[in-house]
Amino acid sequence: MTDPFGRLSLNTMTTKSWTLRQAVEGTAAAGLPAIGLWRDRVAETGVDEAAKLVRDNGLRVSSLCRGGFLTGLDDGEAALADNRRAIDEAATLGARELVLVAGGVPDRDLTGARARLADRIATLVPYAAQRDVRLALEPLHPMFCADRAVISTLGQALELAAPHPAEAVGVVVDTFHVWWDPELAQRVADAGAQGRISSYQICDWLVPMTPDPLVSRGMMGDGVIDFGAITALVSAAGYAGDVEVEIFNEAVWATDGHAVLETMKSRYRDLVLPAL
């Protein structure tokens, strides 16, 4: 019988209180095949030891978070250098996808910020391609445009990716950030037709939100997102990769990690798996 959790991945942000070792061993103990790593967790042990820990526990790395923040005015070279380090880390970890969060608006020139982003992605593409790492552009909800991501829609991400080969630049479909988009169905289909879906990340949109929107992501089923509908779009678009649960939520972070994993598995089985 096919393993119902054969595509489910824990993103280490979901169990923020866990060390890298705890997250890797907890993921393996829960019977999951994959883990999405944040660079802060990798830094705990160093990238070589992190790679060994993942391998020794029989896991694959669904993605590495994060590169990006490429829109600054005076820190372009420093940002490029950090992204090259992130690409190197992804290659060592065996992570095919490096998630990029674009960066915000350092002044009042949104058009200029987007132009710098495009130029700097173009600079990074050859370096990433040499290391077999794909740059995965993640659109964030428009409320984060000013400080985190000048890419707000999947359509914008696809436009930014268009000058580059699909194997070099992809896009992330994160339910928290894209569920509201009236063009979502068409853009997911476009991304699939182009072979650009790098990652499918899931969590819920809570109502009411917490006072800090950054930590207002909920466990699937605790908010308003229709996971069956969005998952069906992603599946129909041909995506066959891991489904990564990435939750920023202080109440979830305060919960025992093993309990979080069991809830995650249950909600995935009931709300996501039927549409895959």
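Here, residue 1 is the first one in the sequence, and each next residue gets the next number. Owing to the predicted nature of the structure, the values given are computational and were not obtained by experimental measurement.
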Hydrophobic clustering (ILVMFWY, side-chain heavy atoms < 4.5 Å, transitive) - are [Y] and [X] grouped together?
{"X": "V178", "Y": "I247", "result": "yes"}
{"X": "L98", "Y": "L140", "result": "no"}
{"X": "W18", "Y": "L64", "result": "no"}

Any residue meeting side-chain contact (heavy atoms from CB on, under 4.5 Å) with [X], in chain and number order, not counting sequence neighbours:
{"X": "F69", "result": "R66, V101, R148"}
{"X": "A34", "result": "S9, R60, S62, D242"}
{"X": "Q194", "result": "L158, D190, R196"}
{"X": "P213", "result": "M143, F144, M209"}

What heavy-atom pair brings [X] and [Y] nearest, and what distance separates the two atoms?
{"X": "A166", "Y": "G195", "value": "CB-O, 3.8 Å"}
{"X": "V61", "Y": "A95", "value": "CG1-CB, 3.6 Å"}
{"X": "A113", "Y": "V150", "value": "CB-CG1, 4.1 Å"}
{"X": "I151", "Y": "A157", "value": "CG2-N, 3.6 Å"}
{"X": "E97", "Y": "S198", "value": "OE1-OG, 2.9 Å"}
{"X": "S17", "Y": "W253", "value": "OG-O, 3.6 Å"}

Validation row: [X], [Y] side chains within 4.5 angstrom (heavy atoms):
{"X": "I121", "Y": "L137", "value": "yes"}
{"X": "L32", "Y": "M264", "value": "yes"}
{"X": "P142", "Y": "W180", "value": "yes"}

Residue from N249, L206, V260 passing side-chain contact (heavy atoms from CB on, under 4.5 Å) with M219: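 It is V260, the one option of N249, L206, V260 that forms the side-chain contact (heavy atoms from CB on, under 4.5 Å) with M219.
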
Positive for side-chain contact (heavy atoms from CB on, under 4.5 Å) with T175, one of V234, V272, I202, L184: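 Only one option passes, and that is I202.
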
Non-neighbouring partners of E262 that pass salt bridge (charged side-chain N to carboxylate O under 4.0 Å, His left out), sequence neighbours left out: K265

Those residues that, when tested against E159, pass salt bridge (charged side-chain N to carboxylate O under 4.0 Å, His left out) (two or more places apart):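 E159 satisfies salt bridge (charged side-chain N to carboxylate O under 4.0 Å, His left out) with no residue once adjacent residues are dropped.
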
Partners passing side chain to side chain donor-acceptor pair (under 3.5 Å) against R55 (at least two apart in sequence or in another chain): none

Side chain to side chain donor-acceptor pair (under 3.5 Å) involving E25 - partner list, sequence neighbours excluded: R21

Inter- and intrachain pairs under side chain to side chain donor-acceptor pair (under 3.5 Å), touching residues 204-233, at least two apart: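 Counting only pairs at least two positions apart or across chains, the side chain to side chain donor-acceptor pair (under 3.5 Å) contacts touching residues 204-233 are D174-R217, H177-R217, Y200-T231, R217-E246, D222-R267.
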
Pair listing, side chain to side chain donor-acceptor pair (under 3.5 Å) test, anchored in residues 108-120, at least two apart: none

Residues T12, R41; criterion side chain to side chain donor-acceptor pair (under 3.5 Å); working and verdict: CA-CA 8 Å; T12 56; R41 288 291 169 263; 5.4 Å; no

Distance-only donor-acceptor check, side chains E44 and T19, under 3.5 Å: no

Between side-chain atoms of residues 70-80 and protein atoms elsewhere (two or more places apart, or another chain), which donor-acceptor pairs fall under 3.5 Å?
{"from": "T71", "atom 1": "OG1", "to": "G104", "atom 2": "N", "distance (Å)": "3.3"}
{"from": "T71", "atom 1": "OG1", "to": "G104", "atom 2": "O", "distance (Å)": "2.6"}

Any donor-acceptor N/O pair, Q156 side chain to T153 backbone, under 3.5 Å: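 Side chain of Q156 to backbone of T153: a pair is present.
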
Other residues, nucleotides, ligands: >12 heavy atoms within 6.0 Å of E250 CD: no

Test applied, side-chain hydrogen bond (donor to acceptor under 3.5 Å, both in side chains); reference residue, S63; option that passes from R134, E138, E244: E244

Members sharing V99's hydrophobic cluster (side chains within less than 4.5 Å):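 Same cluster as V99: V172.
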
